[in-house]
Structures are given as C-alpha cells and as structure tokens.
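For reference, the structure is listed below as structure tokens.
The shown structure was predicted, so the numbers you read here are calculated from the model rather than taken from an experiment. Only this structure's heavy atoms are used, side chains among them; waters, hydrogens and symmetry mates stay out.
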Amino acid sequence: MALRVYNSLTRQKEEFTPINPKKVGMYVCGVTVYDLSHIGHARCYIAFDIVYRYLKYLGNDVTYVRNFTDIDDKIIRRSQETERPHGELTETFIQAFHEDMEALGVLPPDEEPRCTAYIPQMVTFIQELIDEGFAYAAENGDVYYRVNRFEGYGKLSGKRLEDLLDGARVEVNSVKESPADFVLWKAAKPGEPEWDSPWGKGRPGWHIECSVMSSHNLGETIDIHAGGKDLIFPHHENEIAQSEAHNHKPFANYWLHNGFVNVPDEHGEATKMSKSLGNFFTIRDVLAAFHPQTVKFFMMSTHYRNDVLFAEKGLEEAEKRLIYFYETMKKARAFVEETKELGQVIQPESIESVETAFRQAMDDDFNTQRAFGQLSAVFKKLNDLINKPKASEANRAATTQALLEKLATVANVLGVFDLDPERFLRDIQLRQLRDLTITADEIDEQIILRKQARDNKDWAKSDEIRDALLAQGILLKDGPEGTTWTVKA
RNA sequence: GGCACCGUGGCCAAGUGGUAAGGCAGAGGUCUGCAAAAUCUCCAUCACCGGUUCGACUCCGGUCGGUGCCUCCA
C-alpha cells in the first residue's frame with residue numbers, strides 16, 4: 001500500500017514520495033490576523049491536520065509549518081479604524097485563532113512563523129531577485145516581480161501570461177512594467193507600519209512572506225505546500241515564481257488545495273461566504289451552536305478537495321451520526337466491563353482488516369468519507385457483538401475489546417470520536433439544554449418519579465410524566481440500563 | 001472572454017473500465033406496558049447524445065446545466 005495524493009501541479013493523483021524517506025516537510029498558508037477566523041479557515045486547517053496526522057501515523061517524521069500573516073493592508077486598515085497598534089491587534093487574533101484550533105482539536109503545527117519576524121530575510125530575498133533581474137524597484141519605492149522573466153509562470157494555475165494580460169484591467173499611471181507584475185515590497189505611506197529596506201521604508205508584499213518563511217523553516221524544496229484552492233492564483237503561482245527564480249530548484253513537490261465552505265442562500269443554493277452579504281460564520285459562532293466534534297465530523301464527511309455546503313441540516317445529520325458512534329462505543333465499553341473474563345477474539349484477522357480498510361481509504365488522497373463508510377460496518381459489528389449471542393459472551397467481549405482498541409487507533413488519526421463517550425454525550429446534552437428552561441437535575445428527578453410509577457405499573461402516571469417532559473422539549477428513551485433522555489429536535 | 005472544476009437515489013456523499021460504499025429521510029418487521037430509542041430488512045444504473053471496448057457511471061468527443069479563479073480571500 002502506498003499513499004497517493006492529488007497534486008494540483010500535475011492535476012492527477014500521484015504516489016507520495018518525500019524528498020527524504022520518512023521525513024516530510026509541509027507548509028500550509030495560515031491566516032491573516034485582522035479578524036476572527038471563519039469556518040472556511042476551519043475547513044482548511046482541519047483538512048491539513050488530518051494530512052499531518054496521517055503522515056505521522058504512516059511513520060513519517062513530519063515538520064508542519066503554518067504561518068501567520070501579521071502585516072498587510074487589511075491589518076493596517078483595521079488597526080487605523082480601531083485605533084489599536086497593529087501588533088496588539090494581530091496578537092489578539094493570533095490568540096483567538098489558537099483558541100479556535102484548540103477547540104476544534106486541531107493539532108498545533110511544529111512551527112508558526114509570523115512574517116514580521118522575517119522582514120530582513122525577505123529584504124535579502126527581494127534584493128537577490130533584483131540582482132538576478134527577476135524584480136525591479138519602481139520610482140515610488142515599490143518593488144515588483146518581473147513576471148515575464150519567469151518561464152514557468154502559470155504552471156500551477158494553468159493560466160497563460162498572455163491570457164492574464166488580456167484580462168487585466170489597464171491601470172492608469174501604473175509604475176509597473178507589466179500589469180501582470182506583482183508587488184514584493186510596498187512603500188509605506190505616512191503613518192503606516194514600516195521597515196527599512198534599500199528601496200526606502202515599507203513592508204513586504206503578501207506572496208514573498210510564504211516563499212521566505214517556507215525556505216527558512218523547511219528548505220528550498222519542500223514536500224507539501226497546501227492551502228485553500230482560492231490561493232492557487234495568484235498567491236501560490238507567485239510563490240513558485242519567486243522561489244524558483246531565486247533558488248533555481250522546484251519549490252514544492254506536491255500542492256494540495258482544499259475546497260470551499262459555502263453557505264446556503266435564500267433558496268438553499270450554495271453561495272460563497274462574504275462579509276458584505278452577511279452570510280459569514282466565524283468559528284466561534286459555529287462552535288456556540290454545535291459541538292466542535294460535530295463541526296469537524298461534518299467537514300470530514302466530504303472529501304477535502306470538494307466544496308461543502310455549510311447548512312444546518314447537514315450539521316444536525318452529522319451530530320446525530322456522531323451520537324450514534326459514541327453511544328455504540330459507550331455500550332460496547334460497558335459490555336466489556338460487565339464481562340468478568342475475556343475469552344478468545346473471534347476472527348482476529350477481521351480486527352486487523354479494520355485498520356487495513358482505513359488505510360486503503362486514507363491512502364487514496366486522504367479519503368475520510370470513505371473511511372467513515374467503512375467504519376460504519378465496524379459500529380454495526382459492535383452492536384452485533386453486544387446484542388447477538390452467536391458466540392460465547394467471553395469471546396464476544398474479547399472481540400469487542402479488540403475492536404474498541406482498533407477504533408481508538410483510527411480515531412486518533414482522524415481526530416474524531418476520540419473523546420470519552422460519556423463526556424461527549426453529556427456535553428451534547430448540556431449544549432442542547434441551554435435553550436430550555438429545565439435543568440438536567442430536574443429531568444433526573446422526573447425520571448426517578450416515573451420509574452417508581454412504572455415499577456407500580458401505574459402507566460397513566462408514567463405517561464403523564466413523560467408527556468410533561470416532552471412538552472418541555474425532553475424526549476425519554478427507556479433502555480435496558482434505565483431511562484435516558486435527549487432534547488427533542 | 002481566458003483558465004480550471006463539477007453534474008451519482010427525496011437529500012448528503014464515496015466509487016472512476018467488470019455491472020453502484022456509507023449516512024439522513026421514507027416503508028415494513030423485531031423489541032417495548034404504550035411510545036421513543038435500539039435493531040433487522042427494503043429502497044438508484046450514475047444530466048443527455050454519440051464514440052472506443054467483450055464490457056463504461058468510470059476513457060474520448062459533443063450538448064445541456066452548475067460552480068470557482070482571473071481583484072483581497074482558507
């Protein structure tokens with residue numbers, strides 16, 4: 001078995017071969033910290049968190065670098081609007097981003113470089129591009145990349161330079177040699193944050209940051225470079241142009257891009273999130289409404305390269321499914337604990353096949369949806385073991401235990417259903433209760449009263465309590481281990 | 001206009017040359033004091049038209065429909 005990944009550069013799935021065996025360097029473009037992060041960011045960093053985890057699971061020593069863009073036009077504007085120093089502003093949102101990622105169970109990368117810490121390196125890099133004729137300083141203090149000097153321009157996005165020029169708006173009084181040229185260094189206007197450079201005070205352009213931080217942290221050629229698909233052009237195209245012109249070697253061997261998170265419009269059709277339309281969800285908004293695992297599981301229920309429609313129905317479906325997974329694990333765990341002595345595992349090879357199937361799915365470009373499909377069969381099997389006395393209880397319990405252990409391995413790679421089931425289910429209940437006036441203790445009281453009535457076969461009284469709870473939004477479920485409850489949808 | 005991508009059951013969503021994973025919803029059965037839950041069973045020929053092939057949802061060409069990028073964007 002070998003891992004195959006879809007490479008945006010070649011537009012096909014390829015076997016993944018790192019430059020150094022078992023040692024992988026990956027760089028994912030991070031956020032610009034001028035505001036709270038949205039669910040599109042969540043999708044991206046969840047997707048590549050899985051990539052990170054899976055590569056490690058396969059035995060690779062992975063160095064994962066994800067930057068923070070902590071200086072750019074939007075930051076400056078926001079800083080001026082709010083009259084806060086830009087450093088303080090970005091610090092706030094870096095912290096918020098960390099909180100969001102932690103809530104989502106996204107592992108921290110190995111390095112999180114901030115571009116303001118690399119300005120001298122960027123200046124050097126730009127100067128070297130100028131020296132080689134790949135860039136030029138304009139009279140206003142800006143420095144531009146000379147796109148037509150770089151032969152491979154457009155190889156990632158599939159765009160041809162002449163097409164770009166056709167489509168480009170004619171910029172009046174542009175200091176650029178060509179409309180396709182992009183900025184490497186921006187001259188500072190009065191009052192803006194500024195750094196020294198041979199071309200005057202200014203700040204780096206967006207694209208140069210990633211080229212420099214990538215090579216400084218991971219070397220001139222890296223294995224994986226990833227980000228949202230909206231970054232393919234111009235950001236990643238420009239990174240390639242900068243880095244390959246500068247280093248004379250390939251910049252990244254594999255380019256991975258995740259799909260968008262869309263939101264429903266008034267007709268339920270997918271539409272792009274945008275602040276102007278007010279259809280924008282921050283990670284915080286969403287986590288207030290749904291459990292982080294629900295959000296994560298939902299995101300992973302579509303292949304990372306496809307767009308996903310962030311609709312309430314889908315989230316609710318995901319949550320329902322996740323509850324089923326956790327409830328099954330809880331029951332399975334209880335079954336094992338109740339069994340005094342564990343016997344022989346029934347069909348040990350079927351236990352191993354769980355992980356084999358998982359790897360087959362994940363080896364195919366991190367196909368989480370397929371992995372979940374296969375795991376459904378495992379949960380069915382657990383139910384079977386718990387409920388159907390086909391074999392001795394001791395053997396069934398042993399098999400259940402073995403499956404649970406295998407599941408834990410897989411859960412750890414996926415970062416889903418890796419929480420304690422009791423705790424997850426309790427968290428879900430408490431979240432659901434927030435919208436109701438009744439408390440968990442009050443419900444438990446009523447359940448005890450109802451049990452007394454039921455023990456006395458006082459069905460009228462029992463049903464009365466049940467109906468009363470239902471009227472308050474609480475749905476009772478009578479199981480072998482007693483009565484549990486959920487909030488009515 | 002240029003460049004990419006997509007079109008699988010009521011809905012979500014895998015598969016991509018050998019005759020359609022999984023989930024939600026729905027129908028029926030079991031269980032239950034009755035419910036609910038759980039559990040079991042059932043439920044598609046893959047937008048359309050041509051072509052290649054022994055054989056195509058899967059490859060090629062075309063048609064129709066949808067989306068993204070080309071301006072800041074995960």
Side-chain angles (χ1 to χ4, degrees), chain A residues 8 11 13 28-32 34-35 37-48 66 69 72-74 77 154 156-160 162-169 180 206 226-235 237 257-262 268-275 297-298 301-309 311 313-325 327-328 331 357 361 364 367-377 379-380 383-384 386-388 454 457-460 462-463 466-467 470 474-480 483-486 488:
Chain A
S8 303
R11 290 188 196 92
K13 279 185 199 168
V28 176
C29 291
V31 286
T32 299
Y34 72 104
D35 205 346
S37 299
H38 55 69
I39 48 173
H41 297 116
R43 172 98 193 273
C44 176
Y45 303 119
I46 287 170
F48 298 119
R66 186 183 62 204
T69 295
D72 94 319
D73 292 353
K74 291 191 294 292
R77 201 187 324 131
L156 177 66
S157 58
K159 294 179 192 304
R160 291 179 307 168
E162 50 265 40
D163 295 335
L164 286 170
L165 295 178
D166 279 352
R169 286 181 217 134
W206 178 35
K229 70 176 182 180
D230 50 338
L231 297 186
I232 292 173
F233 190 89
H235 187 52
E237 194 68 67
H257 293 100
N258 64 279
F260 288 133
V261 176
N262 293 315
E269 298 296 322
T271 180
K272 210 179 149 171
M273 289 191 296
S274 79
K275 295 206 165 171
F297 181 63
F298 171 75
S301 64
T302 300
H303 185 93
Y304 79 89
R305 268 191 291 117
N306 295 140
D307 290 352
V308 61
L309 181 63
K313 189 185 169 202
L315 270 299
E316 281 165 4
E317 236 177 62
E319 186 150 285
K320 209 182 286 184
R321 192 64 186 153
L322 210 45
I323 289 170
Y324 164 79
F325 284 153
E327 275 180 344
T328 304
K331 283 189 278 187
D364 188 11
N367 197 327
T368 49
Q369 164 65 346
R370 201 149 93 213
F372 287 133
Q374 282 156 346
L375 287 171
S376 284
F379 285 94
K380 255 184 189 165
N383 270 308
D384 231 36
I386 300 164
N387 299 320
K388 292 191 184 165
R454 293 182 75 209
K457 300 209 187 294
D458 184 353
W459 308 126
S462 160
D463 290 352
R466 186 171 65 197
D467 292 344
L470 189 62
I474 302 300
L475 202 62
L476 295 186
K477 299 189 284 186
D478 296 324
T483 300
T484 56
W485 56 269
T486 56
K488 188 170 173 290

Set of side chain to side chain contact (heavy atoms under 4.5 Å, CB included) partners for [X], sequence neighbours left out:
{"X": "A:H257", "value": "A:S8, A:L156, A:K229, A:I232, A:H236, A:W255"}
{"X": "A:S301", "value": "A:F298, A:Q369"}
{"X": "A:K457", "value": "A:W459"}

Using a heavy-atom cut-off of 4.0 Å across all strands, would you classify [X] as base, sugar-phosphate, or nothing?
{"X": "A:N367", "result": "sugar-phosphate"}
{"X": "A:H235", "result": "nothing"}
{"X": "A:G227", "result": "sugar-phosphate"}
{"X": "A:V28", "result": "nothing"}
{"X": "A:K320", "result": "sugar-phosphate"}
{"X": "A:G154", "result": "nothing"}
{"X": "A:G40", "result": "base"}
{"X": "A:R43", "result": "nothing"}
{"X": "A:Y45", "result": "sugar-phosphate"}

For atom [atom1], what is the distance between [N] and [M], given to the nearest Å?
{"N": "B:C48", "M": "B:U53", "atom1": "P", "result": "23 Å"}
{"N": "B:C46", "M": "B:C72", "atom1": "P", "result": "43 Å"}
{"N": "B:C64", "M": "B:G50", "atom1": "C1'", "result": "15 Å"}
{"N": "B:A74", "M": "B:A36", "atom1": "C1'", "result": "42 Å"}
{"N": "B:G15", "M": "B:G22", "atom1": "C1'", "result": "11 Å"}
{"N": "B:C24", "M": "B:C31", "atom1": "C1'", "result": "23 Å"}

OP1, OP2 of B:A35 versus side-chain N and O of A:W459: anything below 4.0 Å?
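It does not, given that no N or O in the side chain of A:W459 lies less than 4.0 Å from OP1 or OP2 of B:A35.
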I'd like to compare against my own output: the B/S/- annotation of nucleotides 36-45 of chain B with a strict under-4.0 Å heavy-atom distance to protein.
BSSSS-----
5' to 3', nucleotides 2-8 of chain B under a 4.0 Å protein heavy-atom cut-off (B base, S sugar-phosphate only, - none) gives BS-S---
Here's a test for you: under salt bridge (charged side-chain N to carboxylate O under 4.0 Å, His left out), which of A:R321, A:K477, A:K320 qualifies with A:E327?
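Of the listed residues A:R321, A:K477, A:K320, the salt bridge (charged side-chain N to carboxylate O under 4.0 Å, His left out) partner of A:E327 is A:K477.
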Might you list the N or O atoms of the protein lying below 3.5 Å from N or O atoms in nucleotides 17-21 of chain B, with each pair's distance?
unit_1 : atom_1 : unit_2 : atom_2 : d
B:A21  : N6     : A:Q369 : NE2    : 3.1
B:A21  : N1     : A:Q369 : NE2    : 3.1

Counter-base of B:G1, judged by Watson-Crick or G-U geometry with both distances under 3.5 Å:
B:C70
Does NZ or CZ of A:R66 fall inside the cone over A:Y45's six-membered ring, less than 6.0 Å from its centre and within 45° of the axis?
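Yes.
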Tell me which nucleotide among [options] gets nearest to the side chain of [X].
{"X": "A:T302", "options": "B:A14, B:G15, B:G33", "answer": "B:A14"}
{"X": "A:W206", "options": "B:C73, B:U67, B:G33", "answer": "B:C73"}
{"X": "A:R454", "options": "B:A74, B:G33, B:C69", "answer": "B:G33"}

With RNA chain B as reference, determine whether A:G314 or A:N258 sits nearer its 5' end, using the nearest nucleotide of each.
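Its nearest nucleotide lies further toward 5', so the answer is A:G314.
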